[in-house]
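We name chains A, B, ... by the order of the sequence lines, and we start the count at 1 in each one.
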Protein chains: 4
Amino acid sequence: MKTSPRVVLSPRKCPRQARSAVTVDAIFEATLQVLLATGSTRLNTTKVAERAGVSVGTLYQYFPNKQSLLFAVLERYLDRLMDRLEAACEARRGGAAEDMIEGVVQAYLQVKAEEAAISRALYYIVIELDARELVDKAIWRAERAIAAMLSTANDGQFSDPQAIARVVFAAIHGTVRMFYERDLPPMAGGDVERQLTMMCRSYVAAAGRTP
Amino acid sequence: MKTSPRVVLSPRKCPRQARSAVTVDAIFEATLQVLLATGSTRLNTTKVAERAGVSVGTLYQYFPNKQSLLFAVLERYLDRLMDRLEAACEARRGGAAEDMIEGVVQAYLQVKAEEAAISRALYYIVIELDARELVDKAIWRAERAIAAMLSTANDGQFSDPQAIARVVFAAIHGTVRMFYERDLPPMAGGDVERQLTMMCRSYVAAAGRTP
Amino acid sequence: MKTSPRVVLSPRKCPRQARSAVTVDAIFEATLQVLLATGSTRLNTTKVAERAGVSVGTLYQYFPNKQSLLFAVLERYLDRLMDRLEAACEARRGGAAEDMIEGVVQAYLQVKAEEAAISRALYYIVIELDARELVDKAIWRAERAIAAMLSTANDGQFSDPQAIARVVFAAIHGTVRMFYERDLPPMAGGDVERQLTMMCRSYVAAAGRTP
Amino acid sequence: MKTSPRVVLSPRKCPRQARSAVTVDAIFEATLQVLLATGSTRLNTTKVAERAGVSVGTLYQYFPNKQSLLFAVLERYLDRLMDRLEAACEARRGGAAEDMIEGVVQAYLQVKAEEAAISRALYYIVIELDARELVDKAIWRAERAIAAMLSTANDGQFSDPQAIARVVFAAIHGTVRMFYERDLPPMAGGDVERQLTMMCRSYVAAAGRTP
DNA sequence: CATGAATGAGACTTCATTCAT
DNA sequence: AATGAATGAAGTCTCATTCAT
């Protein structure tokens, strides 16, 4: 896929009619399926359209080019992922710092376990589109959510919750990626969680706080 | 007319003459350069051959197909990376556990900083080739090196150094990846290092040890 | 980047629109023309597409690969050839055995004379594709047609018409091939026919029959 | 393989030294092996040289190009085949006409049975090189041998032995090719022979003779 | 709006042949 | 003489995108 010559990444039109929304949804779903079934290299617009039960022409009415499609799919995925993380953080506000962190680890692991394959496949898109901005935006959401949660800790105030959140999220995300990217978690799932939790807890505990 | 191919990943022939070795090296080097200059999606065998100053035919005399070339490049990169990590671990044997870990963090950050771009570009190859085995092998080397180092700690024996090593490496690797994959380290470099160090130190400290 | 192909011989899609049928026909026709004009070794998909007045892409939309194209062309040719032979056999039912055979010889020679060149060119395809099955199917049709005709002989019943048909067809086909494959029939056309007819007549006469 | 621009078909040099003869023989043998093992499309000079245990360069010292190699291989094969047929004819001189013919059928079937695969593979070369002349020469040898044999019949003189020989050989060769080209002779081997013999005997018997 | 046939640039790969060593 | 590394033209096939119906 060629990337250079100034490509439009935003979808062509917002589906106003119900029918359109269904079509777009089908296309999104089809993209993921093709991605999983045939791999990212073999993904092409014709296959996606076929799977979605529409013609290529129709696909191109909703997305001006392949990149915009992938971009939209990625965006939607990240949005939903972060929605869930935010919800998890909100649900845990007001507890003890270490417990809150434990909750985040748990939530993130669970979400990722459910969709390890999709996650992996989409990573290809990130590189292909150089869609780092989109990922950054997602990371910011995650950090903000975690930081906001940490601010409500009932056992002391962090001097820089944002910084803590940043490292905690990096550690969780990175670790999880490392284990789930390999198909067989070489550690029993529970073990990863325990160790990762221990690491984050001890980090949070070590981070300076004013009571 | 082709009749029924077969995808092979191992290189085609070992260069017997001195001339050949030079050629193969040039091809490796060219691959990295093209990868960095044009991105992984734009990489094609013609460009690589051109950059290496040879003809496509020559390239295909050493690698039966594009995949085997990328595979070999990746393998070589990971080998060298792990060589450096192992050296760093060995140089720090026999210290206090937390200090050793600090050293590893430092070393890994340094290595990765030097080649963030290449590292990122190669990650695409991992996905495209589904070369997880190769990555796994590298990870094992890293874990073994760290575990071996931890076993020489002069301030107490870990009950399961392998497990500690695993999580520590995952955290370091994951965190680093997250920050370096975004071109601009959003944290001052020093800050990442400080926080990551703190996290790993506190984890190691928290891990059970028998004096 | 290709990952793992698979050689398919069946056509890719059935033309649904009228336009498609025209295209496919043009491609068939073009294949034969290129075959005759440049020889089988020089035949390539680009030339065929050009001759057919379409782009390579179009060609590949109907045939997944070069082999399937050649296969289809061969199949169509054999089908038509056998259609004509069957018609000739049917038209001669109910005569004297030797006369019927004479008719078959005549018919086959005529058909082949008309398309000696194509026939020769296609033979290369049979070898290249190892499309013996296709040829076998055609031979079976021929044998069945001849045997059925022989069964209607008004001058005695053959004990094994199938066996007679088999040898008769082999002799006719083989002999014809031998003479037409060399561009210049070294025997005056009439002479071949006369001799071949004599051979087949005497064979049929010699074969056991019950009045 | 390109065929047009005036290509030299004769071998580059007649091996004068024993060593050369061995090399050339090895190359011939290797060509057949590669032909059988990988098929005619995949046959290439490098593979042949490898199999023969020499380098491509050496191969090109004996044959100016690929075509001349194939040409030589074919020529040698046909020569040997006809040597055997001639021998068979000579051994049967002076018998009854029908018995002599029976002998030829027998001999030809036996020879071809032994090397059906090679025979088939070489046929490709005939087409690729358009080496009909070579084949014609072989056919002439066969016809001459059979005609000469027929002239010694002790039971009557044929008016045109050459013509009889021509048709008999065409029938035998064509029939045999038809049955052996299909891997599985659909008739029990003995049955082919019996029927073919009957056909040729009755033809020879029917052909005019002066006692 | 939808369809799907058509396009064609461009990617991968092969292989006959040469020539420096 | 022998070797085998290097060449590069040519062939096969893919796929994003357009447009007539």
Side-chain angles (χ1 to χ4, degrees), chain A residues 1-2 7 13 17 19-20 23 41-50 54-67 69, chain B residues 1-2 5 13 15-20 22-24 41-49 53-67 69, chain C residues 1-2 5 13 15-24 42-47 49 53-67 69, chain D residues 1-2 7 17 19-20 23 41-50 54-67 69:
Chain A
M1 196 166 67
K2 308 308 150 36
V7 166
K13 64 183 169 195
Q17 304 177 13
R19 187 162 50 131
S20 301
T23 303
T41 323
R42 294 294 209 196
L43 174 99
N44 64 280
T45 49
T46 310
K47 260 189 215 138
V48 170
E50 240 165 39
V54 298
S55 68
V56 228
T58 301
L59 190 157
Y60 274 87
Q61 290 220 318
Y62 293 102
F63 302 93
N65 50 52
K66 188 187 175 188
Q67 291 170 58
L69 165 65
Chain B
M1 195 163 65
K2 229 185 292 181
K13 76 182 179 194
R16 297 237 174 95
Q17 301 182 6
R19 187 162 44 139
S20 301
V22 172
T23 302
V24 169
T41 322
R42 300 285 223 189
L43 176 111
N44 62 275
T45 50
T46 313
K47 262 191 214 139
V48 169
V54 299
S55 67
V56 231
T58 299
L59 189 158
Y60 277 91
Q61 209 146 52
Y62 295 101
F63 303 93
N65 47 54
K66 189 185 170 187
Q67 291 172 60
L69 167 65
Chain C
M1 195 164 65
K2 231 186 290 183
K13 77 179 174 192
R16 300 239 175 96
Q17 301 183 5
R19 185 161 48 138
S20 301
V22 172
T23 302
V24 169
R42 299 285 223 188
L43 176 113
N44 63 273
T45 49
T46 314
K47 263 192 213 134
V54 298
S55 68
V56 229
T58 299
L59 191 159
Y60 277 92
Q61 208 146 52
Y62 294 101
F63 303 94
N65 49 52
K66 188 185 170 186
Q67 290 173 61
L69 167 65
Chain D
M1 195 167 67
K2 307 310 150 38
V7 166
Q17 303 177 11
R19 188 164 47 133
S20 301
T23 303
T41 324
R42 293 295 210 197
L43 175 98
N44 63 280
T45 49
T46 311
K47 260 189 214 139
V48 170
E50 240 165 38
V54 299
S55 68
V56 230
T58 300
L59 189 157
Y60 274 87
Q61 291 220 318
Y62 293 101
F63 302 93
N65 49 53
K66 188 188 174 187
Q67 291 170 58
L69 165 65

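- In terms of phosphate contacts, C:Thr23 brings no side-chain nitrogen or oxygen within less than 4.0 Å of OP1 or OP2 of E:dA5.
- Every side chain to side chain contact (heavy atoms under 4.5 Å, CB included) that C:Thr46 has, sequence neighbours left out, goes to C:Asn44, C:Glu50.
- Between D:Thr46 and the phosphate of E:dC15, there is no side-chain N or O to OP1/OP2 separation shorter than 4.0 Å.
- Relative to the side chain of C:Asn44, the nucleotides F:dA16, F:dT12, F:dA2 differ in distance, and F:dT12 lies closest.
- The shortest distance between side-chain heavy atoms of A:Thr23 and A:Ser20 does not fall below 4.5 Å.
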How far apart are the C-alpha atoms of C:Leu43 and C:Lys66, what are their side-chain angles, what is the distance that settles it, and do they pass the side chain to side chain contact (heavy atoms under 4.5 Å, CB included) test?
CA-CA 10 Å; C:Leu43 176 113; C:Lys66 188 185 170 186; 3.9 Å; yes
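- Rounded to an integer number of Å, the gap from B:Asn65 CG to F:dT12 C1' is 16 Å.
- Here D:Ser55 contributes atom OG and D:Gln61 contributes atom CD; the two are 8.0 Å apart, rounded to the nearest 0.5 Å.
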Please write out each protein N/O paired with an N/O of nucleotides 7-9 of chain E under 3.5 Å, distance rounded to 0.1 Å.
{"from": "E:dT7", "atom 1": "OP2", "to": "C:Ser55", "atom 2": "N", "distance (Å)": "2.9"}
{"from": "E:dT7", "atom 1": "OP2", "to": "C:Ser55", "atom 2": "OG", "distance (Å)": "3.3"}
{"from": "E:dT7", "atom 1": "OP2", "to": "C:Thr58", "atom 2": "OG1", "distance (Å)": "2.9"}

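- Atoms CZ (A:Phe63) and P (F:dT18) sit 16 Å apart, rounded to a whole Å.
- Shortest non-hydrogen contact noted between D:Lys47 and D:Arg42 is NZ-O, 2.7 Å.
- With a cut-off of 3.5 Å on both pairing distances, the Watson-Crick and G-U wobble pairs of DNA chain F assemble into stems of 3 or more at E:2-21 with F:2-21.
- Atom P of nucleotide F:dG11 and atom NZ of C:Lys66 are separated by 9 Å, given to the nearest angstrom.
- Nearest heavy-atom pair, B:Val24 versus B:Phe63, reported as atom, atom and distance to 0.1 Å: CG1-CZ, 4.4 Å.
- Atom pair B:Lys47:NZ and E:dC12:P shows a separation of 9 Å (rounding to whole Å applied).
- One interatomic measurement links the two molecules: CD of C:Gln67 to C1' of F:dG11, which rounds to 14 Å at whole-angstrom precision.
- At the heavy-atom level, C:Thr45 lies under 4.0 Å from the strands shown only through sugar-phosphate atoms.
- For A:Tyr60 against A:Thr45, the heavy-atom pair with the smallest separation is OH-CG2, 3.5 Å.
- Here E:dA11 presents its C1' atom at 12 Å from CZ of A:Arg42, a figure rounded to the nearest Å.
- For D:Tyr60, the listed nucleotide lying nearest its side chain is E:dT18; candidates were F:dG11, F:dA6, E:dT18.
- Among the protein residues, A:Leu43 comes within range of the sugar-phosphate backbone only, with heavy atoms under 4.0 Å from sugar or phosphate atoms but none that close to a base.
- Per the geometry, CD belonging to D:Glu50 stands 18 Å off P belonging to F:dA2, to the nearest Å.
- Closest contact between the side chain of D:Tyr62 and the listed nucleotides F:dT12, E:dA6, F:dA2 involves F:dA2.
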